[in-house]
Amino acid sequence: MITVLNLSEGDQKLLVTFFHDNGSYAFPVALKSHGSTMLNVSELIAAQQADANGNKIPTDAQHGTAVLSGASGYPEMINVGVSVGVFNVTTATCGNKCPTCFGYSAFQVLQNNPNAAVGGTATFKAQAFGQNGVWQDVTNASNPNGSAIVVWSSSNSSIASSQGDGNFTGVKPGSFNAQANATLLDRNADCPEGQNQLCPNSPYFSQAGGAIRPRIDSITPPRGAAGSTVSVTLTGAGLSGGSVSAGSGITATVNPGTDSQLPASFVISTSAAPGNHSVTVTAGGQTSTPVTFYVQIPTSLAIITGTDSTTPESSCPYTDVHGNPQTGCGMVRSFMYQVNDQEVPPQPIQAALPVWDVITTTTPNNLMITGYLTTCTPANTGPCGIFTSNTGQFEEHSLSVCSGVCRANNVCKTGGPTNATQAILLGASVVTQNDSYFCDHVTVNGQ
Amino acid sequence: MVSNIQKAVVVACICILCSLQVPLASAKQKVSSDLTSQLNRKIDRYQLDVGNFGEALVKVASDFKIPLGIEWVDNSNGRTRLKRSWKDSTVLNILREIVGTQPTYKIDVGASVVHIWSTTLVPEHENPLRIVIPAYEVNNVPLEEASRRLHGLVRSKLKTTKPSLPGNEKPGGRVGSLLTNPDEPKITVELYGANVEHCLDALTLSSSHKIWIATFSVDARVDATPFRRTSTLWNNYPVPDDDQPVWDFVRWGDSLPAGLSSAE
């Protein structure tokens with residue numbers, strides 16, 4: 001005999017499902033607010049009336065269980081009071097040592113978020129196949145009165161350590177199995193009679209694979225120029241012994257490091273795609289989530305404020321068109337350049353790049369320039385072993401002019417301009433400046 | 001005969017150098033003890049696998065911080081791959097054995113810079129590095145400027161007579177530029193009566209570029225001079241007579257000039 005009382009302020013539709021050795025029988029119950037009903041199982045058996053699925057309880061049924069649920073089945077909140085009177089349909093009595101007579105017949109561990117970085121948490125879930133034919137979540141089950149006990153463990157605690165409830169903390173890169181041992185109440189458990197008897201149960205085991213990957217928190221510097229070699233440091237966890245990938249056009253060589261810092265050398269091809277590249281570390285067979293490394297292209301030059309000076313030359317040597325030495329007047333301008341990349345706003349190039357230049361006069365050529373003395377010898381060739389600093393700075397030590405036009409009767413005079421194009425070659429890139437030479441000064445791009 | 005006269009001049013100039021150049025002499029003294037200890041350093045194991053003679057010398061100099069001046073001829077012998085290993089040796093022995101792989105080359109452990117050269121391949125009277133510079137003075141300038149001024153002084157010794165400028169012809173002029181690395185130290189050198197080789201030594205001792213290299217052609221001469229033509233290892237542009245001679249500087253550990261590097 002089962003008495004069901006609706007404790008809520010509203011009507012409730014319920015379902016009582018009787019499980020027996022050969023199947024189940026569903027009996028719908030509709031209760032008004034605070035209404036109640038009594039179910040006599042013997043009468044249900046005797047009636048042999050088919051349920052909605054056409055099932056009946058066999059007349060020879062000797063034992064079974066009853067599950068009370070919402071009308072739509074599991075899981076659903078119901079608010080009822082139940083007085084259990086009958087579990088054994090023969091004797092109309094039942095022991096009280098097994099308060100939950102909902103059993104299971106299978107068990108499985110499933111991946112939830114099975115991959116995590118070192119220090120992060122990988123999660124799994126456990127399910128048991130209930131006698132109602134639905135997989136029940138038993139991830140956090142630890143109460144024998146709840147009919148299920150699940151104990152979690154790791155197949156390799158040096159990779160991931162179990163924190164219980166399907167949570168595993170990443171220790172170092174690698175793969176592992178999330179394991180769970182379960183003790184589950186048997187399906188259609190016949191509740192024992194008498195004192196101190198355990199509910200009938202069975203052990204189960206299941207596992208699912210997970211992985212712990214290295215973690216990159218940052219890369220320093222985060223930029224490097226095409227055609228250069230950049231020393232970078234990756235900071236994170238689980239990096240020791242890892243290999244580094246930086247995408248097409250960047251060859252990464254790892255240097256000895258620690259678990260939290262991995263130095264590497266990036267050889268950036270001149271053909272490497274400009275812009276963002278994904279950098280990953282692979283260790284223990286696992287690959288980190290990427291961080292971004294930006295491939296710079298030398299795009300513009302900026303004269304660094306406060307480095308600019310011009311010195312007049314009242315007597316300077318030059319060679320005339322016949323190759324004979326002459327004396328003229330002119331000047332020398334010195335300043336520092338900063339090489340910037342293609343970003344908006346421009347960012348300093350982070351690389352030591354070979355640098356040289358080519359100067360070609362255009363029009364007008366009022367200073368009658370016929371000779372050139374550029375960074376490398378012979379003029380307008382290169383490279384010649386001169387490099388920018390690691391932060392993309394270099395010095396224009398002597399942007400100069402010396403002309404006979406600027407000198408008359410051994411006295412210097414004004415004159416100009418002679419316009420010229422100065423191509424500054426930085427690795428595989430070229431930045432072009434427009435120079436205007438006068439006897440007493442020179443401008444670069446109008447400055 | 002010419003060679004003997006030149007040798008006498010060189011010796012005289014070196015004597016002048018020793019007597020007048022206190023700053024350089026003291027600098028040499030200091031580096032000399034460093035150089036001696038570096039050359040005598042015991043090396044348990046050392047391996048070399050490089051594409052040519054010049055690369056081998058530069059690598060050893062870089063690995064063991066040896067100031068080095070190389071005068072070599074870029075011929076097929078010099079381009080032979082060199083693969084060797086040493087056990088329980090010294091830096092000096094390693095250098096000697098490398099030099100020994102090339103017929104006629106000699107090694108001279110100078111006061112401050114180790115020199116590698118061959119008087120057979122480049123006779124003294126054909127070597128523009130033996131040109132004596134009466135006065136070489138640079139003050140607080142980058143190496144590139146100091147080298148440019150030395151080049152100008154050598155050029156002035158090699159100038160040839162050209163047709164004079166007609167009175168009605170415009171005089172002309174030149175524009176120029178010199179790009180340098182701002183991290184390089186500014187150097188000051190004063191030498192009187194030193195030859196080009198010793199000037200180059202002084203520059204390497206004062207700057208961060210501790211290796212200088214002069215690369216000579218097998219037999220070509222600079223027009224109207226007895227001097228052997230030179231080329232740069234940094235690029236393949238031919239150096240015209242009006243720009244001869246040239247030399248290269250390399251820092252310890254820097255990427256090699258294209259003309260020396262055997263790497264792809």
Side-chain angles (χ1 to χ4, degrees), chain A residues 229 307 317-326 328 330 332 336-337 352 354-357 359 361 367-390 393-407 418 420 422 424 435 437 442, chain B residues 141-149 151-152 155-156 159-166 169-184 186 209 211-213 230 232-251 254-259 263:
Chain A
T229 299
T307 64
Y318 70 93
T319 304
D320 65 24
V321 293
H322 303 290
N324 290 318
Q326 303 290 343
V332 174
M336 294 273 290
Y337 271 125
V355 57
W356 54 288
D357 63 336
I359 299 178
T361 53
L367 299 184
M368 307 296 289
I369 298 301
T370 56
Y372 304 92
L373 190 63
T374 58
T375 302
C376 302
T377 302
N380 290 340
T381 66
C384 53
I386 296 170
F387 297 85
T388 70
S389 70
N390 289 329
Q393 293 186 355
F394 64 96
E395 182 179 0
E396 173 57 277
H397 179 73
S398 57
L399 185 63
S400 64
V401 63
C402 181
S403 172
V405 175
C406 300
R407 187 182 184 91
T418 283
Q422 183 182 20
I424 295 180
D435 300 342
Y437 294 90
V442 58
Chain B
V141 297
L143 171 67
E144 294 80 7
E145 174 69 29
S147 179
R148 173 182 280 186
R149 291 192 197 175
H151 184 256
R155 286 298 315 149
S156 69
K159 72 175 187 292
T160 55
T161 304
K162 302 286 176 65
S164 59
L165 188 66
E169 190 170 336
K170 295 288 185 183
R174 54 101 182 137
V175 293
S177 152
L178 183 60
L179 309 179
T180 65
N181 185 320
D183 294 342
E184 290 296 314
K186 301 294 191 289
H209 292 64
I211 302 168
W212 62 260
I213 307 171
T230 57
T232 176
L233 294 166
W234 287 104
N235 60 61
N236 290 323
Y237 290 100
V239 181
D241 284 354
D242 284 348
D243 286 311
Q244 291 283 346
V246 294
W247 47 78
D248 298 313
F249 290 99
V250 179
R251 284 186 296 202
D254 258 5
S255 53
L256 288 171

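Proteins come first, then strands; the chains are lettered A, B, ... in the order of their sequence lines, and each starts at number 1.
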We want to know whether A/Ser400 and B/Arg174 form a side-chain donor-acceptor pair, criterion being a heavy-atom distance below 3.5 angstrom.
yes

Side chain to side chain, [X] and [Y], heavy atoms closer than 4.5 Å:
X	Y	value
B/Asp248	A/Cys384	no
A/His397	B/Leu179	no
B/Thr180	A/Phe394	no

For chain B, which of A/Pro383, A/Pro317, A/Pro325, A/Cys376 has the most heavy-atom pairs under 4.5 Å?
A/Pro383

Return the option, out of A/Gly404, A/Pro378, A/Ser403, with the maximum number of heavy-atom pairs under 4.5 Å with chain B.
A/Pro378

Is [X] in contact with chain B via its backbone, its side chain, both, or neither, using a 4.5 Å heavy-atom distance?
X	value
A/Asp435	neither
A/Leu367	backbone
A/Tyr437	side chain
A/Thr388	backbone

Would you mind telling me which of B/Thr232, B/Leu178, B/Asn235, B/Asp254 has the largest number of heavy-atom pairs within less than 4.5 Å of chain A?
B/Leu178

Chain A contact via B/Ser255 - side chain, backbone, both or neither, heavy atoms under 4.5 Å:
side chain

Please state whether the side chain, the backbone, both or neither of B/Val239 comes within less than 4.5 Å of a heavy atom of chain A.
both

Tell me, with the steps shown, if B/Ser177 and A/Thr375 meet side chain to side chain contact (heavy atoms under 4.5 Å, CB included).
CA-CA 6 Å; B/Ser177 152; A/Thr375 302; 3.9 Å; yes

From A/Ile386 CD1 over to B/Trp234 CH2, what is the distance, rounded to the nearest 0.5 angstrom?
9.5 Å

